[in-house]
Amino acid sequence: MTELTIPQDTDGTRAAELVQEHVEVGDRVEIREAERTGSGDPEITGEVTGIEPGYLELDGQPLNEGSVRYDEIHTVVRLESE
C-alpha cells in the first residue's frame with residue numbers, strides 16, 4: 001500500500017501528472033476527495049480502468065458516476081497492483 005497526497009495549492013494539470021506517476025491501469029485504489037462544502041462520502045474505492053484527460057476512471061464508470069476529477073483528489077492510496 002502506497003499513498004500520494006496532492007498538495008492543496010496544486011492545479012489540476014499538476015495533480016493529473018502526480019496521479020499518473022503514482023497509479024497504473026489495473027491498480028486498486030482508494031481516493032479521498034478534497035474537502036468541499038456539502039460533499040457526501042469523501043472516499044471512493046475502485047480499480048483504475050483509465051487515466052483520462054481531466055479525470056481518473058474507476059471501475060469503467062464515467063465522470064460523476066464513480067470516477068473522479070484530478071483536481072478533486074486529495075489522497076490516492078494504491079491498495080494493490082496486478
**Message:** Checking Leu4 against Thr2 for the side-chain contact (heavy atoms from CB on, under 4.5 Å) test, could you report, in this order, the C-alpha distance in whole Å, the side-chain angles of both residues, the deciding distance, and whether it holds?
**Reply:** CA-CA 7 Å; Leu4 167 71; Thr2 59; over 6 Å; no
**Request:** For residues 49-70, pull every pair meeting salt bridge (Lys or Arg N to Asp or Glu O under 4.0 Å), keeping only residues two or more places apart or in separate chains.
**Result:** Arg69-Asp71, Arg69-Glu72
**Request:** Quick one: list whatever passes side chain to side chain contact (heavy atoms under 4.5 Å, CB included) with Thr75, sequence neighbours left out.
**Result:** Glu3, Thr5, Arg32, Val77
**Message:** Quick one: does any side-chain atom of Tyr70 pair with a main-chain N or O of Tyr55 as donor and acceptor, under 3.5 Å?
**Reply:** yes
**Complete:** CD1 of Ile73 to CD1 of Ile31, rounded to nearest 0.5 Å, is 4.5 Å
**Prompt:** If you look at every heavy atom in Ile51 and Val23, which pair is closest and at what distance?
**Reply:** CD1-O, 3.8 Å
**Fill in**
For Glu30 and Thr45, the nearest pair of non-hydrogen atoms, with its separation, is CG-OG1, 3.9 Å
**Message:** The criterion is side chain to side chain contact (heavy atoms under 4.5 Å, CB included); which residues satisfy it with Gln8, sequence neighbours excluded?
**Reply:** none
Could you go through residues 13-22 and list every donor-acceptor pair under 3.5 Å that involves a side-chain atom there, pairing it with any protein atom two or more places apart or in another chain?
residue : atom : partner : partner atom : Å
Arg14   : NH1  : Glu17   : OE1          : 3.0

**Request:** Work out which heavy atom in Val68 is nearest to a heavy atom in Glu33; give both atom names and the distance.
**Result:** CG2-OE2, 3.5 Å
**Prompt:** Of all heavy-atom pairs between Thr10 and Pro7, which one has the smallest distance, and what is that distance?
**Reply:** OG1-O, 2.9 Å
**Prompt:** Of all heavy-atom pairs between Arg78 and Asp27, which one has the smallest distance, and what is that distance?
**Reply:** CD-OD2, 3.1 Å
